[in-house]
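Have a look at the structure below before the remarks.
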2 protein chains.
Amino acid sequence: MIRRTHDHAAGTEAWAEHAAAQVAAAGHRAGGARTAVIESLAGQTCCRSAQEIFDQLRADGRRVGIASVYRVLDLLVSLGVVQRLDLGGGISRYEPALPGGEHHHHLVCVECGEVRPFEDPRLESAIEQTAARSDFTVDAHDVVLRGHCPDCRAA
Amino acid sequence: MIRRTHDHAAGTEAWAEHAAAQVAAAGHRAGGARTAVIESLAGQTCCRSAQEIFDQLRADGRRVGIASVYRVLDLLVSLGVVQRLDLGGGISRYEPALPGGEHHHHLVCVECGEVRPFEDPRLESAIEQTAARSDFTVDAHDVVLRGHCPDCRAA
DNA sequence: ATACGTGCAAAGTATTTGCAAACGG
DNA sequence: CCGTTTGCAAATACTTTGCACGTAT
């Protein structure tokens, strides 16, 4: 089997293991809801809402409660293995925080709600520079671009 | 009296007039709640939540309902004279959108919630470049930097 | 065995909507 | 006047909390 350095499936698998390890290291047990939410997140390419994760788990036949989904997500965020995103509309979205420190930002269609990730090194460097100039200690940042996706523009 | 080009009070006064004019131009009347919310926003230097605006108006003795505050803010956002911000925590914040197209972003203290505005032309240009490269039509963008303010870091 | 974890239901916030009364032009 | 706007209260949407039962270690 060929091993590719930036293979996506391998990356998310690695993330699931990493997340489970962090949970254990923090002195927590591996309950059903925790395993289920980690697996669900590992299988997605971009951010999901708590409700979407819940719906997917139920569709897969798992008997989880939505409260547990929220509790697990909170735990994973506090352990630093999941990033919580606020793309507007009053709902939080969650995605795996990849170990390498690499991260992306999001384009959001204001019409259909589609979310597309993007990366931009120039943007990151501008943000770092601003952060350094400020008297705040900056730990994190979010960038959201809002507009219309090709499909909605056509319609 | 000396007239300064970038005088703040003059700028916000001008904004209030501009906002009222846009409301009228769109065929809306100048009811009590609309005038009150516009005045309240004009008197603030940075973003406020709907609840904060409501509380301030009540403290000033105006008998407005919070539903009207939300309705007026929605109207002003749709007219493009107010910008809606989502700095996290599930609550929306609002601030005047100054006519010149100039705008700023925000540093948020995750501990005390303090919000500080900042500007960065390099950041803007990086975002424009990314927007142009994407197949979305980008109308707006938000940048939020999260960290600790000097006071909270000291404590 | 025994804490810790979970599901369900109820409570808690932020925001929206229905409606009759008040009001602007 | 007459349709718009408003305040109140009820409804909604997302998230959190209380609690008894289940389960991993």
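What you see below is based on every heavy atom in this structure, not just the backbone, and it leaves out hydrogens, waters and symmetry mates. Letters A, B, ... are given to chains in the order of the sequence lines, protein chains preceding strands, and every chain is numbered from 1.
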Decide yes or no on ring pair (Phe, Tyr, Trp, His ring centres under 6.0 Å) for His141(B) and His103(B), but give the supporting numbers first. CA-CA 10 Å; His141(B) 63 260; His103(B) 70 157; 4.9 Å; yes
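In this structure, CG of Leu57(A) is placed 10 Å from P of dG7(C), rounded to the nearest angstrom. In this structure, Leu73(A) atom CG and dC14(D) atom P are separated by 15 Å, rounded to whole Å. Following rounding to the nearest Å, Arg62(A) (CZ) and dT6(C) (P) show an atom-to-atom distance of 11 Å. Rounded to whole Å, the distance from CZ on Arg63(A) to P on dA9(C) is 12 Å. One atom, CZ of Arg48(A), and another, P of dC14(D), lie 16 Å apart when rounded to the nearest Å.
Between the side chains of Gln56(A) and Gln44(A), at least one donor N or O sits under 3.5 Å from an acceptor N or O.
Computed from C1' positions of five pairs at each end, the angle between the two local axes of the helix from dA1(C)-dT25(D) to dG25(C)-dC1(D) equals 30°, rounded to 10 degrees.
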Per-nucleotide protein contact string for nucleotides 15-25 of chain D (B base, S sugar-phosphate only, - none; heavy atom under 4.0 Å): BBBB-----BS
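For Ser78(B), there are no side chain to side chain donor-acceptor pair (under 3.5 Å) partners, not counting sequence neighbours. Remark: His104(B) pairs with Glu95(B), His106(B) by the side chain to side chain donor-acceptor pair (under 3.5 Å) rule, at least two apart or across chains. Glu128(A) meets the salt bridge (Lys or Arg N to Asp or Glu O under 4.0 Å) test with no other residue; sequence neighbours excluded. Residues passing the salt bridge (Lys or Arg N to Asp or Glu O under 4.0 Å) test with Glu124(B), sequence neighbours excluded: none.
Linking ILVMFWY residues whenever their side-chain heavy atoms come closer than 4.5 Å, directly or via other members, places Ile38(A) and Leu79(A) in the same cluster.
For the pair Phe54(B) and Gly27(B), nearest-nucleotide mapping onto DNA chain D gives the more 5' position to Gly27(B).
A heavy-atom distance below 4.5 Å is found between the side chains of Arg34(B) and Val72(B).
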